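Structure first, then comments.
Keep in mind it's a predicted model, so treat the numbers as computed, not measured.
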Amino acid sequence: MRINHHPLPAGSINCQYTLSSFHYGTAGGRKIYLQAGLHADEVPGVLVLHHLRAMLEQAEAEGKLRAEIVVVPIANPIGLSQTFMHDQLGRFDFATGANFNRHYPDLAERLLPLVRSTLTNDAAHNQRVIRAAMAQLLDAEKMNTPLEAMRVALMRLAHDAEIVIDLHCDFESVLHIYTAADYQEQAEKLGRYMEAEVILVADVLGGACFDEMLFKPWLYLQKQLGHQFPIPPSCFATTIELRGETDVSHQYALKDAHAIYHFLCSQGAILQEAPSLPSAKCKPTPTPGSATIYAPEAGVLVFFGKPGDRVKQGDVVCEIINPISGAVQRIVSPVDGVMYTHRNLRYATRGMELAKVAGAVAIRSGDLLGA
């Protein structure tokens, strides 16, 4: 294993952050990339990678690795430093107000003129050409702020990986996965190992989040040039939401680390027989079928169920109680589906996101992710 440190440009005098990446196996062949803490107040994935690294170290010592596996256990040192009275505020950048998982470089359209004349009928050659062009564009990317530099550095580490796993969590939730349609089969296998209760599928998420900007170039080039040249779907980039923010325990983390390890074995990245696939806990549903429930008024928030519950359209999900007037407003689910996440606060302000229900029928378009 080797450790690389990637200094980010200082945003102020004597204030510099560094990304650290841990590289297992031999570079130059297949590559797997995993990161956690991109939203720096989401800790479960950080503990998962702590345990996974020990497993990878042992696999490397035993000569079992068949790919370079890159682990970035803290993908956001900027957000990690943002605390107010010991409260971690790691979702938005204090300096710019930007979400740390939005606005990654969109390389798709810029790749087209770079690769069109050099593609052939050899899919492996085309894969190399496209990845080299992605690196060229990232090397030329303008980086005016530490945040922009961090985005580029993370994409530079991940752009040539065939599997990218970005570990997040939600407020209070069950384990769920975001994926693109072309990679649904891999996501379902990963979901079975992880015991995911919801798998959300969409080729376009909106907001230019990290995983989408890694799989989007391949989907775009397939659409534009796939009728002329073989362009393989070469980056299964996915986000795993590891339950809720406070679901940080060795029990969960070891379970999840083993699940990811077994998935990598099933993909041939580790020379070890993977356990039999567990039964699926869910069927994939469209991300546009996920309905977000918002607070119409302010008040004390009381949920009637828990994440993972199945609800019907019209079922009461929660109540908002006005402690001054005594008014009680019941909030219902707009769709049939699984309530896979809800707020971890118990006082609602008007317009606050309260819960999400994964429905089977697409009902939305445009940007599919929240702030």
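Note that CG of Leu114 and CD of Glu109 are 13.0 Å apart. Values are rounded to the nearest 0.5 Å. Taking CZ of Arg192 as the reference point, atom CD of Glu188 lies at 8.5 Å (rounded to 0.5 Å). One finds the CG atom of Leu8 at 13.0 Å from the SG atom of Cys15 (value rounded to the nearest 0.5 Å).
Aromatic ring orientation, Tyr193 versus His262: tilted (interplanar angle from 30° to 60°). Taking the six-membered ring for Trp and thresholds of 30 and 60 degrees, Phe210 and Tyr33 have ring planes inclined between 30 and 60 degrees apart.
With salt bridges taken as basic N to acidic carboxylate O contacts below 4.0 Å, none links Glu197 and Arg243. Ion pairing of Arg91 with Glu42 is present here, as a side-chain N (NZ or NE/NH1/NH2) and a carboxylate O approach within less than 4.0 Å. Between Lys312 and Asp315 there is no salt bridge, since none of the side-chain N atoms of the basic residue sits less than 4.0 Å from a carboxylate O of the acidic one. Classification of Glu195 and Lys255 as a salt-bridged pair holds, one side-chain N sitting under 4.0 Å from a carboxylate O. At a threshold of 4.0 Å, the pair Arg346-Glu172 counts as salt-bridged, since one of the basic side-chain nitrogens sits closer than that to a carboxylate oxygen. The pair Lys216-Asp106 meets the salt-bridge criterion, since a charged nitrogen lies less than 4.0 angstrom from a carboxylate oxygen.
In terms of heavy-atom proximity, Leu19 sits nearest to Ala153 at CD1-CB, 3.7 Å. A pairwise comparison of heavy atoms in Leu65 and Leu56 identifies CD1-O, 4.3 Å as the closest pair. Nearest approach of Arg151 to His103, heavy atoms of both residues: CD-O, 3.3 Å. Across all non-hydrogen atoms, the minimal contact from Ala208 to Glu212 is N-OE1, 4.2 Å. Nearest approach of His227 to Gln224, heavy atoms of both residues: CE1-O, 3.0 Å. Between Lys356 and Ser290 the shortest heavy-atom distance is CB-OG, 4.2 Å.
Under the 3.5 Å distance criterion, the side-chain polar atoms of Thr83 are left unmatched by any main-chain donor or acceptor of His86. Judged purely by atom type and a 3.5 angstrom limit, Glu241 uses its side chain to pair as donor or acceptor with the backbone of Cys169. For the pair Thr287 (side chain) and Val201 (backbone), a donor-acceptor distance under 3.5 Å is present. Using a distance-only test at 3.5 Å, with no hydrogens or angles considered, a donor-acceptor pair links the side chain of Arg131 to the main chain of Ser234. Between the Arg102 side chain and the Gly207 main chain, no donor and acceptor come within less than 3.5 Å of each other. Distance alone, capped at 3.5 Å, places no donor-acceptor pair between the Asp166 side chain and the Asp211 backbone. The backbone N or O of Val164 lies less than 3.5 Å from no partner atom in the side chain of Gln35, so there is not a single donor-acceptor pair. Looking at Asn76, its side chain does come within 3.5 Å of a backbone N or O of Gly79 through a donor-acceptor pair.
Counting heavy atoms from C-beta outward, Leu242 and Leu175 have side chains that approach closer than 4.5 Å. Using a 4.5 Å heavy-atom threshold, the side chains of Ile231 and Ile130 count as touching. No side-chain heavy atom of Asp256 sits under 4.5 Å from any side-chain heavy atom of Leu52. Using a 4.5 Å heavy-atom threshold, the side chains of Val317 and Ile293 count as touching. Leu119 is not listed as a side-chain neighbour of Gln228, based on a closest heavy-atom distance of 4.5 Å or more.
The environment of Glu273 atom CD is sparse: at most 12 non-hydrogen atoms of other residues, nucleotides or ligands sit within 6.0 angstrom. Heavy atoms from other residues, nucleotides or ligands lying under 6.0 Å from CD of Glu57 number more than 12.
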- Message: ring pair (Phe, Tyr, Trp, His ring centres under 6.0 Å) for His51 and His250? Distances and angles first, verdict last.
- Response: CA-CA 9 Å; His51 288 293; His250 290 303; 5.1 Å; yes
- Task: Step by step, work out the side chain to side chain donor-acceptor pair (under 3.5 Å) result for His5 and Thr18.
- Result: CA-CA 6 Å; His5 299 293; Thr18 300; over 6 Å; no
- Query: After noting the C-alpha distance and the side-chain angles of Ile69 and Leu264, does the key distance pass the side chain to side chain contact (heavy atoms under 4.5 Å, CB included) rule?
  - Reply: CA-CA 10 Å; Ile69 301 179; Leu264 296 181; 4.2 Å; yes
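In this structure, Arg2 is not positioned above the aromatic face of Phe22 in the sense of NZ or CZ being under 6.0 Å from the six-membered ring centre and within 45° of the axis.
Partners of Asp93 under the side-chain contact (heavy atoms from CB on, under 4.5 Å) rule, at least two apart in sequence or in another chain, are Ile78, Gln82, Ala95, Thr96, Phe100, Leu147.
Both Leu137 and Trp218 belong to a common hydrophobic cluster when Ile, Leu, Val, Met, Phe, Trp and Tyr are linked at side-chain heavy-atom distances under 4.5 angstrom. When the side chains of ILVMFWY residues are joined at heavy-atom separations under 4.5 Å, either directly or via intervening members, Ile321 and Phe303 end up in two distinct hydrophobic clusters. In terms of hydrophobic clustering, with Ile, Leu, Val, Met, Phe, Trp and Tyr side chains grouped at heavy-atom distances under 4.5 Å, Phe263 and Tyr183 are assigned to a common cluster.
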